[in-house]
Amino acid sequence: MANHSTTAIVLRTVEFSETSLIVTLLTKDLGRISALAKGARRLKGPFEGSLDLLSVCAISLIDKPGDALDLLTESKLRRRFRGAQRSLERLHAGYYIAEMLRLMIDDDDPHRELFDMTLAAMGMIDGDGPVAKTLLAFDAQCLRLLGHAPSTQQCTVCGRAVQRQRRRASFSLIGGGVVCETCRPSQTHLMTASWEALDALRVLAGDPGIENSDDSSADAETDSRPKRFPLASLFPPLSAEAYGDLRGLLNRTLEALIGHTPRMQPFLPDKLPG
Ligand SMILES: [Zn+2]
């Protein structure tokens, strides 16, 4: 057993008994975890009503060995998600982010950059950021950070650069990228997307240039320094048509990875504002 203190985003709470909750958290240092919060349903106690969906909390927990649930011992609220007070669209966007993180990542696989990116996305959703573009960037960055970066220039079958002979490119949902004219007939699960949408996807899934947290030797030194994930720097100009294309492409790609349609997917913005 070990004690940990870290920062966490609440991804789900499930009532466990009359007084307790089981919480799913995305933590800065431990990845995604599930933990038992005894007494969390009481108003007074070590959790002070902090464990609401998408709250950012400073937590302490006891890491139980094996499959046993970790035990949350303390949680202090850092920031409450206020999407519901802003608009239904922002509330739904927050629910979508929580659902995707539950579906896309495995337990106990720490990923600092993903945590920072999620905080940045929630800050945009919770504030005045553009919801539709933020969610495109969130999805594209999730794909990149979890090792599924979409290929938007090289054929995913033969590796050659795909020529832009047609206005729309073929995109393989299984390969996770574009397919050239030569390879296209042999492929299944294809959809098409405009080159404008694919060019935007390349920007949205790009590395925004924060320090690389994959380098474990550098991790210890940079741990204490706050990192800002410049999510908005990734927003490319986007036509209404390209938005529809790209939203559809990301939806189908994520469905292929997850194996089903996320519950919140139908609630995503179906067009850009204005
Ligand atoms: Zn090819």
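In listed order, ligands and their atoms are each counted from 1.
- Salt bridge present: Glu181 and Arg166 bring a charged side-chain N and a carboxylate O closer than 4.0 Å.
- Looking at Asp52 and Arg80, a side-chain N of the basic residue comes within less than 4.0 Å of a carboxylate O on the acidic one, giving a salt bridge.
- Taking every heavy atom of both residues into account, Pro269 and Leu135 meet most closely at CD-CD1, 3.9 Å.
- Gln187 and Ser172 are not linked by any side-chain donor-acceptor pair at a separation below 3.5 angstrom, with hydrogens and angles left out of the test.
- Between Asp116 and Arg228 there is no salt bridge, since no side-chain nitrogen of the basic residue lies less than 4.0 Å from a carboxylate oxygen of the acidic one.
- Protein N/O/S atoms found under 2.8 Å from the Zn ion (ligand 1), listed by chain and residue number: Cys155 SG, Cys158 SG, Cys180 SG, Cys183 SG.
- Side-chain contact check for Ser75 and Glu48: no donor-acceptor pair (N or O, by modelled atom type) lies under 3.5 Å.
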